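Take a look at the structure set out below.
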Amino acid sequence: MHKYQNISAPVIKRLPRYYRFLGELLDKGVTRISSRELSQKMGLTASQIRQDLNCFGGFGQQGYGYAVESLYNEIGNILGLDHNYNTILIGAGNLGKAVAVHMSFEKRGFRLTGIFDNDKSKIGTKIRDIAVSDLAELEDFCKNNNTDAAILCVPKEAAPEIAERLYSLGIRNYWNFSHYDLSVQYQDIVVENVHLNDSLMILCYRITDAYEDQE
Ligand code: ATP
């Protein structure tokens, strides 16, 4: 059971950002910060910050501010970053490779244990010291290696069949880049969808909007 059960979804969504900011402050040797300073740096209101951080304990003291390190550690605990969830990545194309190489999985609560693809030219090549395996070996791998989560970097068309195999293997946690809506088919899963193209289109809209305002 999670120690902090009553944190609202919007607060949880802001936690990684707090964690990142506090980490940067720690790197700079800052030991404490007022909610006002933190709010200026983060572009939130001071009262928003006080409300958010009060959700999980009395880290702020009147006249002292927040103890950066304990707050950083506590937010890390709430996020569960010390977990090392065993994670496999499916799809070693351009995106899968970038995700595998770029992400600091270990610092974010995960450990990348396997990479799979069905393209013969990719099988056996190494990404981050992990040799890409044939997807045909998925079942054997998961039976021999406890697997908590899967990252889907395959095209949408390939995703349903792969998801069914992963689900049958008991995998219920997904980081989904595939644009296939997993939660329609499977209701008892945890999924974070990442749509990079959506973000790009929103940028396009906002640029267009800004240009039109200038006309
Ligand atoms: P590339 O052109 O090198 O294949 P890409 O990123 O453009 O890279 P995509 O078509 O987006 O390729 O596919 C992503 C990855 O998913 C590729 O490595 C592809 O081989 C793999 N893939 C596609 N279908 C399947 C499948 N059914 N099972 C396993 N892997 C698959």
Side-chain angles (χ1 to χ4, degrees), residues 9 12-13 15-17 19-20 23 79-209:
I12 292 169
K13 246 184 142 171
L15 289 182
R17 199 152 157 248
Y19 189 76
R20 190 155 37 83
L79 291 168
L81 303 186
D82 56 344
H83 269 103
N84 282 321
Y85 291 120
N86 289 327
T87 304
I88 55 174
L89 184 145
I90 321 288
N94 294 309
L95 180 62
K97 224 182 281 174
V99 167
V101 170
H102 179 71
M103 296 307 299
S104 306
F105 289 100
E106 294 77 12
K107 290 188 191 159
R108 308 279 178 260
F110 296 87
R111 175 168 45 218
L112 191 61
T113 53
I115 301 176
F116 296 85
D117 206 290
N118 70 349
D119 178 345
K120 294 271 176 287
S121 72
K122 289 173 188 144
I123 295 165
T125 59
K126 280 200 165 177
I127 303 172
R128 249 192 170 220
D129 294 333
I130 299 176
V132 176
S133 300
D134 189 336
L135 191 70
E137 290 162 22
L138 179 72
E139 280 72 14
D140 274 352
F141 179 92
C142 290
K143 278 169 194 152
N144 295 322
N145 300 277
N146 174 37
T147 301
D148 301 297
I151 306 170
L152 295 186
C153 290
V154 290
K156 185 177 182 182
E157 312 75 67
E161 195 199 316
I162 294 171
E164 200 178 309
R165 287 170 67 183
L166 293 166
Y167 189 85
S168 301
L169 289 162
I171 297 171
R172 295 288 181 272
N173 307 303
Y174 298 89
W175 199 22
N176 180 25
F177 291 80
S178 78
H179 306 309
Y180 167 62
D181 194 347
L182 291 164
S183 52
V184 170
Q185 182 74 11
Y186 309 104
Q187 283 85 42
D188 62 338
I189 62 170
V190 174
V191 58
E192 272 294 314
N193 297 304
V194 185
H195 298 295
L196 292 174
N197 280 321
D198 290 10
S199 175
L200 195 60
M201 286 190 284
I202 288 170
L203 177 66
C204 184
Y205 170 83
R206 293 180 57 199
I207 294 172
T208 308
D209 205 37

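Keep in mind that what you see is a predicted model, and the values were worked out from it rather than measured. Whatever order the structure lists them in is the order used to number ligands and atoms, beginning at 1. Basis for what follows: all heavy atoms, side chains included, without hydrogens, waters or symmetry-related copies.
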Give a yes/no verdict on a cation-pi contact between Arg111 and Tyr85, requiring under 6.0 Å between NZ or CZ and the six-membered ring centre and an angle within 45° of the axis. no
N/O donor-acceptor pairs under 3.5 Å from side chains in residues 138-154, not counting sequence neighbours:
residue : atom : partner : partner atom : Å
Glu139  : OE1  : Arg165  : NH2          : 3.0
Glu139  : OE2  : Arg165  : NE           : 3.0
Asn144  : ND2  : Asp140  : O            : 3.1
Asn145  : ND2  : Phe141  : O            : 2.9
Thr147  : OG1  : Asn145  : O            : 2.8
Asp148  : OD2  : Asn86   : N            : 2.7

Does the Thr113 side chain pair with the main chain of Thr87, one donor and one acceptor, at a distance under 3.5 Å? yes
Nearest-0.5 Å distance, CG of residue Asp134 to NZ of residue Lys122: 13.0 Å
One line per pair, note the atom names and distance for all nitrogen or oxygen contacts under 3.5 Å between ligand 1 and the protein.
residue  : atom   : partner : partner atom : Å
ligand 1 : 3 (O)  : Lys122  : NZ           : 3.0
ligand 1 : 4 (O)  : Lys122  : NZ           : 2.6
ligand 1 : 6 (O)  : Asn94   : N            : 2.9
ligand 1 : 18 (O) : Gly93   : N            : 3.0
ligand 1 : 18 (O) : Asp117  : OD2          : 2.6
ligand 1 : 18 (O) : Lys122  : NZ           : 2.7
ligand 1 : 20 (O) : Asp117  : OD1          : 2.6
ligand 1 : 20 (O) : Asp117  : OD2          : 3.4
ligand 1 : 27 (N) : Asn118  : ND2          : 3.4
ligand 1 : 28 (N) : Asn118  : ND2          : 3.4
ligand 1 : 30 (N) : Asn118  : N            : 3.4
ligand 1 : 30 (N) : Asn118  : OD1          : 3.4

For Asp82, the side chain to side chain donor-acceptor pair (under 3.5 Å) test, sequence neighbours excluded, returns none
Keeping to residues at least two apart or across chains, list the side chain to side chain donor-acceptor pair (under 3.5 Å) pairs with something in residues 88-102. none
